Amino acid sequence: MNSEIEIRILKTAADMNLIQKLEREIWNMDPLPVHQTITASQNGGLLLGAFLENELIGFSYGFAGFQKGKGYLCSHMLGIDPKHRDKGIGALLKENQKRFASELGYDLITWTFDPLESRNAYLNLSKLHAICSTYVENCYGEMEDNLNNGLPSDRLKVEWWITSSHVKEPNVIEYRKKHSPFQWRKTEEGFPELVPCEDIELIPESRDEPILVPIPANFQTIKKQNHQLALNWRLTIRKVLPLLFAKDYAMVSLLKEKKELVHYYVLVPREKLKF
């Protein structure tokens with residue numbers, strides 16, 4: 001499948017109109033203005049399209065960022081046609097984004113994602129080897145699109161150091177669930193929920209082993225069928241992850257548990273990473 005897909009840099013107004021059409025299909029929301037995306041593309045931004053038989057089936061949109069004397073690429077949106085998901089197109093777009101961004105002179109790409117969306121977490125952390133130690137509460141305010149409606153828009157901000165050893169030669173970390181101090185149980189509906197706990201007391205003093213934090217394997221199903229449980233997950237993870245980040249832990253991968261209701265974020269002391 002991937003060999004049939006062509007990745008192109010998008011620059012023209014016609015290209016931007018194709019992005020708008022795909023945005024509506026994916027998120028059922030007002031698309032980005034063409035004048036904005038074109039301006040971004042002409043000033044350090046990078047827009048890529050994935051084409052199958054000349055049809056746009058996926059795109060990524062990034063613009064130039066600058067903070068504390070450091071320039072980087074803000075990868076703001078990545079969307080895949082619903083008919084073509086789970087075919088590796090997102091990973092293909094990100095790998096090409098890394099290549100083109102490096103040619104433009106970037107060594108860092110950043111973006112945000114919902115901390116409870118395991119599909120995005122697995123791509124960002126386990127496949128691309130981005131890291132994360134920043135949690136932003138209600139990052140975008142109230143959102144009304146299909147995926148985000150009804151809950152605070154909390155986000156994780158990832159760092160993708162595209163020229164680093166961590167990305168080129170990722171650390172091999174052994175995972176064992178005993179390193180998770182956070183327990184979960186199954187509800188009567190068959191959904192996972194975290195067992196109430198005092199978060200700060202459960203974080204091990206030793207920094208020799210990774211810490212595992214569970215999240216639902218399918219958060220959208222919980223959100224559709226039990227809004228209160230979804231909100232409980234949001235508010236609990238909002239407490240746990242910033243606490244670990246404040247202790248200089250970084251999130252480095254997502255451990256997927258086949259047939260389990262939860263997957264596990266893997267966090268290690270940031271000083272153990274290779275840069």
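What you are looking at is a predicted structure, and each value in this text was computed from that prediction instead of being measured.
Y61 has its side chain within reach of Q36: a pair of non-hydrogen atoms, C-beta onward, lies under 4.5 Å apart. Between L32 and M16 the shortest side-chain heavy-atom distance does not fall below 4.5 Å. Between L156 and Y135, the closest side-chain pair of non-hydrogen atoms falls below 4.5 Å. Residues E271 and R207 form a side-chain contact, since some pair of their non-hydrogen atoms from C-beta on lies under 4.5 Å apart. Between L48 and I9 the shortest side-chain heavy-atom distance falls below 4.5 Å. Under the 4.5 Å side-chain criterion, counting only non-hydrogen atoms from C-beta, L244 is not in contact with M251. Two residues are said to be in side-chain contact when any heavy atoms from C-beta on lie closer than 4.5 Å; P242 and E137 fail this criterion. Contact annotation: the side chain of F245 approaches that of C132 to within less than 4.5 Å [non-hydrogen atoms, C-beta and beyond].
A donor-acceptor pair under 3.5 Å is absent between the side-chain atoms of Y265 and the main chain of A121, judged by distance alone. Here the side chain of S75 pairs no donor or acceptor atom with the backbone of G62 at under 3.5 angstrom.
Shortest non-hydrogen contact noted between P192 and W184 is CB-CE3, 3.7 Å. Taking every heavy atom of both residues into account, E189 and Q225 meet most closely at OE2-O, 4.0 Å. Contact between L46 and Q97 at its shortest, heavy atoms only, is CD2-O, 3.8 Å. Smallest separation of non-hydrogen atoms from L56 and G49: CD1-CA, 3.6 Å. Residues C74 and G65 come closest through the heavy atom pair SG-CA, 3.8 Å. Nearest heavy atoms, P214 versus I237: O-CD1, 3.8 Å.
If you take CD1 on I215 and CZ on R234, they are separated by 10.5 Å, rounding to the nearest 0.5 Å. With rounding to the nearest 0.5 angstrom, the OG atom of S102 is 5.0 Å from the CD1 atom of I162. The CG atom of L229 sits 8.5 Å away from the CZ atom of F219 when rounded to the nearest 0.5 Å. Rounding to the nearest 0.5 Å places OG1 of T187 at 8.0 Å from CD1 of I222. Atom OG1 of T37 and atom CE of M77 lie 10.5 Å apart (nearest 0.5 Å). Between the NZ atom in K168 and the NE2 atom in H166 there is a gap of 14.0 Å [rounded to 0.5 Å].
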message = Using the rule given for side chain to side chain contact (heavy atoms under 4.5 Å, CB included), can you reason through N120 versus W111, listing the C-alpha separation, both sets of side-chain angles and the distance that settles it, and then say yes or no?
response = CA-CA 11 Å; N120 294 345; W111 64 91; over 6 Å; no
task = Apply salt bridge (Lys or Arg N to Asp or Glu O under 4.0 Å) to K21 and D81, showing your working.
result = CA-CA 10 Å; K21 179 181 177 183; D81 186 320; over 6 Å; no
Full working for side chain to side chain contact (heavy atoms under 4.5 Å, CB included) between R8 and F51 = CA-CA 8 Å; R8 305 178 197 164; F51 290 85; 3.7 Å; yes
request  = Kindly indicate, with the supporting measurements, whether the criterion side chain to side chain contact (heavy atoms under 4.5 Å, CB included) is fulfilled by K98 and V167.
outcome  = CA-CA 11 Å; K98 177 174 67 172; V167 171; 4.1 Å; yes
request  = Run the numbers on F191 and T221 for side chain to side chain contact (heavy atoms under 4.5 Å, CB included), then give the verdict.
outcome  = CA-CA 9 Å; F191 296 136; T221 299; 4.0 Å; yes
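Shown here are the side chain to side chain donor-acceptor pair (under 3.5 Å) partners of E193, two or more places apart in sequence or in another chain: R185. Checked against side-chain contact (heavy atoms from CB on, under 4.5 Å), E53 has no partners two or more places apart in sequence or in another chain.
Contact check on R270 versus E159 returns a salt bridge, with a Lys/Arg side-chain nitrogen under 4.0 Å from an Asp/Glu carboxylate oxygen. Salt-bridge formation is not detected for the pair D114/R119: no Lys NZ or Arg NE/NH1/NH2 atom is positioned less than 4.0 Å from an Asp or Glu carboxylate oxygen.
Following chains of ILVMFWY side-chain contacts shorter than 4.5 Å, one cannot reach L108 starting from V136, and the two form parts of different hydrophobic clusters.
D30 CG: 12 or fewer foreign heavy atoms inside a 6.0 Å radius.
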